[in-house]
Amino acid sequence: MSKYNALWEHIQKNGRQSFQLTFEEIQNIAGLPIDHSFLKYKKELTEYGYEVGKISMKKQTVLFNRIG
C-alpha cells in the first residue's frame, strides 16, 4: 500500500481528462505533505488511469492527465 493511495483514488474518482491540484490540496487529500519521494511514487498513478503531467515548483501545482 502506497502512502499516496488516498490521492490516487481521489484522482481516479475525479474523472476529468486533465486537472490541476496545488501542493496544499494534495496534502489535504493524502494526509501528508508532498515531498521529493513523490517523484518515485508518481508512476503508481498509471494503475488508476492517470499520469502526472507538469509539476510547477513556482506555482506549487501538479497537473494530472487521464491516460488514453
Side-chain angles (χ1 to χ4, degrees):
M1 183 167 165
S2 168
K3 67 181 187 175
Y4 288 105
N5 274 357
L7 176 61
W8 305 152
E9 289 171 5
H10 175 84
I11 291 167
Q12 185 180 42
K13 288 177 187 173
N14 181 293
R16 290 189 288 173
Q17 190 66 33
S18 181
F19 64 98
Q20 188 170 277
L21 293 174
T22 66
F23 287 7
E24 184 177 348
E25 289 171 323
I26 290 170
Q27 181 173 341
N28 291 337
I29 295 163
L32 52 105
I34 191 170
D35 59 17
H36 191 69
S37 73
F38 182 78
L39 298 174
K40 178 182 125 186
Y41 285 98
K42 71 179 187 172
K43 64 184 173 204
E44 298 173 342
L45 185 55
T46 59
E47 296 172 28
Y48 294 83
Y50 282 83
E51 64 185 2
V52 173
K54 181 175 172 63
I55 300 172
S56 172
M57 297 304 289
K58 183 177 180 180
K59 295 180 183 178
Q60 295 198 334
T61 59
V62 179
L63 180 66
F64 298 97
N65 300 305
R66 183 185 287 169
I67 300 170

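Residues take their numbers from the sequence shown, with the count starting at 1.
- Partners of F23 by ring pair (Phe, Tyr, Trp, His ring centres under 6.0 Å), not counting sequence neighbours: none found.
- Here E44 pairs with S2, W8 under the side chain to side chain donor-acceptor pair (under 3.5 Å) rule; sequence neighbours left out.
- In terms of heavy atoms, G68 sits closest to Q17 at O-NE2, 4.1 Å.
- Side-chain atoms of I55 and L39, non-hydrogen and from C-beta on, do get closer than 4.5 Å to each other.
- Heavy-atom minimum distance, A6 versus A30: CB-CA, 4.4 Å.
- Within the structure, salt bridge (Lys or Arg N to Asp or Glu O under 4.0 Å) pairs that include any residue of residues 25-39 comprise K3-D35 (at least two apart or interchain).
- In this structure N5 satisfies the side chain to side chain donor-acceptor pair (under 3.5 Å) test with no other residue, sequence neighbours excluded.
- Heavy atoms from other residues, nucleotides or ligands lying under 6.0 Å from CD of E24 number 12 at most.
- For N65, the side-chain contact (heavy atoms from CB on, under 4.5 Å) criterion is met by S18, E51, L63, not counting sequence neighbours.
- For the ring pair (Phe, Tyr, Trp, His ring centres under 6.0 Å) criterion with F64, the lone passing option out of Y48, F19, Y50 is F19.
- Side-chain rings of Y41 and Y4 approach one another, their centers coming within less than 6.0 Å.
- Applying the side chain to side chain donor-acceptor pair (under 3.5 Å) test to N14 and every residue at least two apart in sequence or in another chain returns R16.
- The nearest pair of heavy atoms linking I29 to L7 is CG2-CA, 3.8 Å.
- With a 4.5 Å cut-off between side-chain heavy atoms of Ile, Leu, Val, Met, Phe, Trp and Tyr, the cluster of I67 takes in none.
- Between the CD1 atom of I34 and the OG1 atom of T22 there is a distance of 9.5 Å, given to the nearest 0.5 Å.
- Partners of K59 by salt bridge (charged side-chain N to carboxylate O under 4.0 Å, His left out), not counting sequence neighbours: none found.
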